[in-house]
**Q** 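If you scroll down you'll find the structure; I have some questions about it.
We count ligands from 1, going down the list as the structure has it; atoms in each ligand are counted the same way. Remember, predicted model here, so these are calculated numbers, not experimental data.
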Amino acid sequence: MARLVMKFGGTSVADVDRIRHAARHVKREVDAGNQVCVVVSAMAGATNQLVGWVNDASKLHDAREYDAVVASGEQVTAGLMAIVLSDMGIAARSFAGWQVPIETDDAHGAARITDIKPALLNERLGQGVVCVVTGFQGVAPSGRVTTLGRGGSDTSAVAVAAAIGADRCDIYTDVDGVYTTDPRIAPKAQRLTRISFEEMLEMASLGAKVLQTRSVELAMAQKVRLAVRSSFDDPDAPQVAPDGSGHGVPGTLVCDEDEIMEKQIVSGVTLAKAEAKITLRGVKDKPGVAAAVFGSLADERIVVDMIVQNVSDDGKMTDITFTVPDSEYDKAMKALTVAGDRFEYDSISGSKGGAKISVVGVGMRSHAGVASSMFQALADKGINIQLITTSEIKTSVLIEEEYAELAVRALHTYYGLDKDSA
Ligand code: ASP
Ligand code: MG
């Protein structure tokens, strides 16, 4: 007997028929003797509609009332799921965040979970009841309803899994796993059978949309094994891993590195478009300058990504180049232009429309030459590299957006990730 959290995203509960289909997945696990806690999102599109109504009502609304409205989407699906399960003869009941309780701070609209008291869930699970918990919401110390920020129900699911000591947290979505790269760009992309938390964290923050980055961080910290799988699958199909490796999930398992026998040097290639590049030339090479430059951007809440500072030839002046999302470009240029009293520079220049391509893999830690081979593979296609950054398990380059897809496909092939390559 195992204890499972089964999380269903918006497309998996888009209407009552889809909820019935999702419930059949739950029934399979219950019939197998498992204790199941379900976490649900709002029906696809419902949260957007609720947010729209709030903004219609008033642009300057109280964030606490925003949460009161927007959290309702998950309550609808939790209740419907419990009804459908009961109809199938499965003991089930719904729990709103405050009923669990899922305790959060009071940052309405972007709350963080501070604690989940598992006693009630444990008691009901022990009695064989399927607990259906609303994702995306919790309760503040004041007693008011909070929401966790868009896409937050993945994080709810992981937090619940950690709190009740679940053996696994299954994230049911509209794709059947995590892929080596976006299959729409590289048709030879493959589903990964396993991926480590660290790799998943890099891939999620680099633009792979399957999991909210925060949920992966939490899963890694709490060592909650995650599975990404499709709710659209036949609920009665055999539960086997794609490579028959026996992890028992027909999707991708996100787990500790130790659970992955053969570590790939590169597990995935990611692409993020619409990256703008800004260069400050002739910046003084002395302590505090970088802090002032990036401080003036932080003051405007502009998130900076890649940063490169040159070594200065004369020990007096240097250049700094960095990237921001295209959408923040004008704001960043303005912030740096008006911040002239905090630091000086000779000139500022920049452009929108870059693409960041990254290769990710834990095997990089122990293999030399991954970066250089990546640069060679791009050179072979005549693609110019504008910026480079690396971390222990990732190498990223900024290139012109028009070569982005070509670069992804070239690297995917180069690292042996194509479907038919041995
Ligand atoms: N319903 C919420 C949203 O659309 C939370 C979620 O689905 O993850 O953002
Ligand atoms: Mg979601």
**Q** For the residue pair Y345 and F343, does the interplanar ring angle fall in the parallel (under 30°), tilted (30 to 60°) or perpendicular (over 60°) class?
**A**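 Because their plane-to-plane angle lies in the 30° to 60° range, the rings of Y345 and F343 count as tilted.
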**Q** Are any of the N/O atoms in S41 less than 3.5 Å from those in ligand 1?
**A**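 It does: an N or O of S41 is found under 3.5 Å from an N or O of ligand 1.
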**Q** Please state whether Q212 comes within less than 4.0 angstrom of ligand 1, counting heavy atoms only.
**A**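 Distance cut 4.0 Å: Q212 fails for ligand 1.
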**Q** So, using salt bridge (Lys or Arg N to Asp or Glu O under 4.0 Å) as the criterion, who are the partners of E257 when residues are at least two apart?
**A**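 Residues passing salt bridge (Lys or Arg N to Asp or Glu O under 4.0 Å) with E257: R365.
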**Q** Consider only side-chain N and O atoms of T11 and D174, and report whether a donor and an acceptor are under 3.5 Å apart.
**A**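 Indeed, the side chains of T11 and D174 share at least one donor-acceptor pair under 3.5 Å.
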**Q** Do Q190 and T180 pair up side chain to side chain, a donor and an acceptor below 3.5 Å, judged on atom types alone?
**A**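 There is no such pair (donor and acceptor under 3.5 Å, judged by atom type) between the side chains of Q190 and T180.
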**Q** Among the heavy atoms of G152, does any lie under 4.0 Å from an atom of ligand 1?
**A**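 G152 counts as a contact of ligand 1 under the 4.0 Å cut-off.
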**Q** Decide whether an N or O pair under 3.5 Å exists between E74 and ligand 1.
**A**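 Indeed, backbone or side chain, E74 has an N or O that close.
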**Q** Scan H412, K188, R409 and name whichever one has a side chain to side chain donor-acceptor pair (under 3.5 Å) with D418.
**A**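 When H412, K188, R409 are each tested with D418, the side chain to side chain donor-acceptor pair (under 3.5 Å) holds only for H412.
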**Q** State the atoms of ligand 1, each with its element, that fall below the 4.0 Å cut-off from a heavy-atom position in T47.
**A**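 Taking each heavy atom of T47 in turn, ligand 1 has 1 (N), 2 (C), 3 (C), 4 (O) under 4.0 Å.
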**Q** Going by salt bridge (Lys or Arg N to Asp or Glu O under 4.0 Å), name the residues that satisfy it together with D56, two or more places apart in sequence or in a different chain.
**A**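 With neighbours one apart ignored, the set is empty.
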**Q** Answer with yes or no whether G73 contacts ligand 1, where contact means a heavy atom under 4.0 Å from a ligand atom.
**A**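 Flag not set, G73 not near ligand 1.
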**Q** Which of the numbered atoms in ligand 1 are below 4.0 angstrom from a heavy atom of R150?
**A**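 Near R150, meaning under 4.0 Å from one of its heavy atoms, ligand 1 has 3 (C), 4 (O), 9 (O).
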**Q** Indicate yes or no: does an N/O atom of G149 lie under 3.5 Å from an N/O atom of ligand 1?
**A**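 No; every N/O pair is 3.5 Å or more apart.
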